[in-house]
Amino acid sequence: MVKAIVGANWGDEGKGKITDMMAQEADIIVRFQGGANAGHTIVNNYGKFALHTLPSGVFTEHVTSVIGNGVALNIPLLFQEIQSIVDRGVPRPRILVSDRAQIVMPYHILFDQYEEERLGGKSFGSTKSGIAPFYSDKYAKIGFQVSELFDEELLSEKVERVCQLKNVLLEHLYHKPQIVPGELLATLHDYRDMVAPYVCDVAAFLDRALKEEKTVLLEGQLGTLKDPDHGIYPMVTSSSTLAAYGAIGAGLPPYEIKQIVTVCKAYSSAVGAGAFVSELFGEEAEELRRRGGDGGEYGATTGRPRRVGWFDCVASRYGCRLQGTTDVAFTVLDVLGYLEEIPVCVGYEIQGEVTKEFPVTAKLQKAKPVFEVLPGWKCEIRGIRKYEDLPENCRRYIEFIEGQIGYPITMVSNGPGREDIIYRKSALG
Ligand code: GDP
């Protein structure tokens with residue numbers, strides 16, 4: 001049985017917490033896309049962790065953590081991350097790395113920086129982790145697969161060939177130092193030695209696991225609105241954030257994905273540039289940002305302050321639809337307990353017309369939010385474990401949003417910890 005855990009919005013919805021929680025009843029967790037550019041924050045009995053590359057199952061001893069072929073694999077960062085959790089008392093996790101995963105090269109990170117410098121104020125808000133240059137090279141067929149590290153002849157020939165190309169750009173476009181092929185080859189030899197014990201034919205491994213009736217979780221990064229096709233292009237990431245891509249980025253048949261848990265936060269937050277219709281500014285924003293998440297809305301990888309706003313039903317319905325949602329996990333609800341009333345964005349007004357359909361980017365930039373205001377519940381809801389025990393206005397908020405987005409909210413998260421979860425039977429199924 002395969003389950004996917006993905007985001008409905010711009011990322012940071014709390015997927016890490018939900019994955020860590022669902023990992024208790026899973027055997028294998030696979031990261032299927034993205035790289036070390038975003039992160040998950042997880043709070044459990046070992047402490048508080050920010051993971052960037054490792055799947056959120058690494059804290060659960062019986063789980064095998066897999067880096068799928070769809071991931072942008074930064075080998076030294078992966079090993080630093082493993083070491084950093086082991087140093088804090090977490091048992092050394094069982095990790096497999098797909099032989100078809102491609103490698104983030106040192107020059108990808110440099111190219112990311114150089115391109116941001118070149119674009120100046122017109123940049124796409126990159127985290128400068130090399131992700132866009134990495135995926136560009138993957139699809140231009142000049143990327144390096146993990147398997148290629150083990151074929152010396154192929155590797156040295158390819159290093160020469162790729163350096164020729166990169167050095168033209170470095171010299172003439174960016175006016176930066178060139179890459180020395182011999183040095184790059186030596187770095188790749190180090191990478192090979194680091195990754196060798198973990199390399200695996202992941203598709204074959206997963207095929208066997210499914211025949212043995214194991215439970216596999218696919219862990220997404222970011223959310224629908226950062227998908228290169230269905231998101232707010234070009235302010236998107238460079239690999240698909242959709243559950244459907246989980247089949248490709250892990251290497252398993254799409255029909256095996258039986259449950260798609262789409263994580264939706266009880267208010268909105270986003271990092272980086274791009275239209276954000278229900279965004280809040282000024283003091284109201286500052287207060288929500290300060291109270292938000294677990295210790296404030298600041299990026300897990302970058303530390304950048306996140307932009308915050310009211311819950312956006314238009315974006316979230318679209319986000320859930322594209323994921324193919326079977327269950328919504330509604331998170332960080334406890335944070336809203338300070339509000340007298342809570343506006344919810346229920347439509348977009350675009351050039352005088354109100355729509356509930358999430359538009360393409362050019363129209364999105366013209367959209368103004370249409371709000372409906374719900375009463376707040378004005379109390380702390382952390383620690384509550386039963387849906388019926390939530391204050392009435394809190395249940396009304398959940399049920400109103402469920403009605404607007406049209407997908408069943410079956411889990412409500414009311415705190416960052418594993419046990420801060422309320423399961424709920426939805427009328428929607
Ligand atoms: P992810 O990338 O989707 O995993 O999200 P992040 O880890 O970037 O952001 C989610 C933040 O919210 C983290 O700091 C979590 O610890 C925190 N969090 C998750 N669920 C809850 C919740 O229900 N309540 C509160 N207060 N914090 C939560």
Side-chain angles (χ1 to χ4, degrees), residues 4-23 29 31-59 127 129 217-226 237 241 243 261-272 288-308 311 316 319 323 328-339 380-385 387 390 394 397-398 409 411-424:
I5 300 161
V6 286
N9 303 114
W10 300 264
D12 308 320
E13 298 94 347
K15 295 176 295 293
K17 178 240 161 101
I18 300 294
T19 308
D20 177 59
M21 189 187 90
M22 289 178 63
I29 313 229
R31 279 279 316 266
F32 63 86
Q33 46 95 212
N37 52 332
H40 299 299
T41 310
I42 296 168
V43 183
N44 56 30
N45 42 339
Y46 296 107
K48 182 171 178 174
F49 297 87
L51 295 184
H52 307 291
T53 298
L54 287 174
S56 302
V58 288
F59 303 104
T127 59
S129 314
L217 299 187
L218 302 175
E219 179 180 21
Q221 185 207 39
L222 298 168
T224 305
L225 306 179
K226 293 283 188 182
T237 193
T241 56
V261 177
T262 304
V263 185
C264 238
K265 191 147 76 175
Y267 56 91
S268 300
S269 73
V271 276
L288 184 53
R289 182 176 304 118
R290 190 163 42 76
R291 291 173 177 270
D294 176 36
E297 289 289 356
Y298 302 93
T301 299
T302 57
R304 292 190 286 190
R306 291 179 186 149
R307 300 159 71 194
V308 293
F311 189 85
S316 302
Q323 293 292 7
V328 173
F330 196 57
T331 57
V332 207
L333 186 61
D334 49 305
V335 161
L336 300 182
Y338 72 99
L339 291 157
E380 176 63 81
I381 59 163
R382 275 202 201 182
I384 294 177
R385 295 286 172 265
Y387 188 68
L390 286 171
C394 183
Y397 185 76
I398 296 165
I409 296 177
M411 291 171 238
V412 175
S413 170
N414 59 340
R418 239 180 227 172
E419 63 298 335
D420 297 319
I421 195 80
I422 300 169
Y423 293 97
R424 163 173 187 268

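Both ligands and their constituent atoms are indexed starting at 1 by order of listing.
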Lys15 to Ile5 - nearest heavy-atom pair and separation: O-CG2, 4.1 Å
Side chain, backbone, both or neither: Arg306 near ligand 1, heavy atoms under 4.0 Å: side chain
Geometric N/O contact Asp12 with ligand 1, under 3.5 angstrom: yes
Partner of Pro55 by side-chain contact (heavy atoms from CB on, under 4.5 Å), out of Asp20, Thr19, Ile29, Leu218: Ile29
Test of proximity, Val335 against ligand 1: N or O pairs below 3.5 Å: no
Part of Leu222 with heavy atoms under 4.0 Å of ligand 1, whether side chain, backbone, both or neither: neither
Sub-4.0 Å heavy-atom contact, Asp420 with ligand 1: no
Within-4.5 Å side-chain heavy-atom neighbours: Leu288 and Leu336: yes
N or O contact, Ile42 vs ligand 1, cut-off under 3.5 Å: no
Any side-chain donor near an acceptor of the partner, Ser413 and Lys17, under 3.5 Å: yes
Distance-only donor-acceptor check, side chains Ser56 and Glu219, under 3.5 Å: yes
Close N or O approach (Leu333, ligand 1; < 3.5 Å): no
Nitrogen or oxygen atoms of Val43 and ligand 1 under 3.5 Å apart: no
Ligand 1 atoms in contact with Arg382 (distance to a heavy atom under 4.0 Å): 26 (N)
Residue-ligand contact Gly415/ligand 1, heavy atom below 4.0 Å: yes
From Glu13 atom CD to Phe330 atom CZ, the distance as rounded to the nearest 0.5 Å: 12.0 Å
Criterion side chain to side chain contact (heavy atoms under 4.5 Å, CB included) on Tyr298 and Arg289, from CA distance to verdict: CA-CA 8 Å; Tyr298 302 93; Arg289 182 176 304 118; 4.1 Å; yes
Gly14 N/O under 3.5 Å from ligand 1 N/O: yes
Proximal ligand 1 atoms for Lys15, defined as those under 4.0 Å from one of its heavy atoms: 1 (P), 2 (O), 3 (O), 4 (O)
Atoms of ligand 1 close to Ser413 [distance to a heavy atom under 4.0 angstrom, numbered from 1]: 20 (N), 21 (C), 22 (C), 23 (O)
Value rounded to 0.5 Å, distance of CG in Asn414 from CZ in Arg382: 8.5 Å
Between CG on residue Asn45 and CZ on residue Phe59, distance to nearest 0.5 Å: 9.5 Å
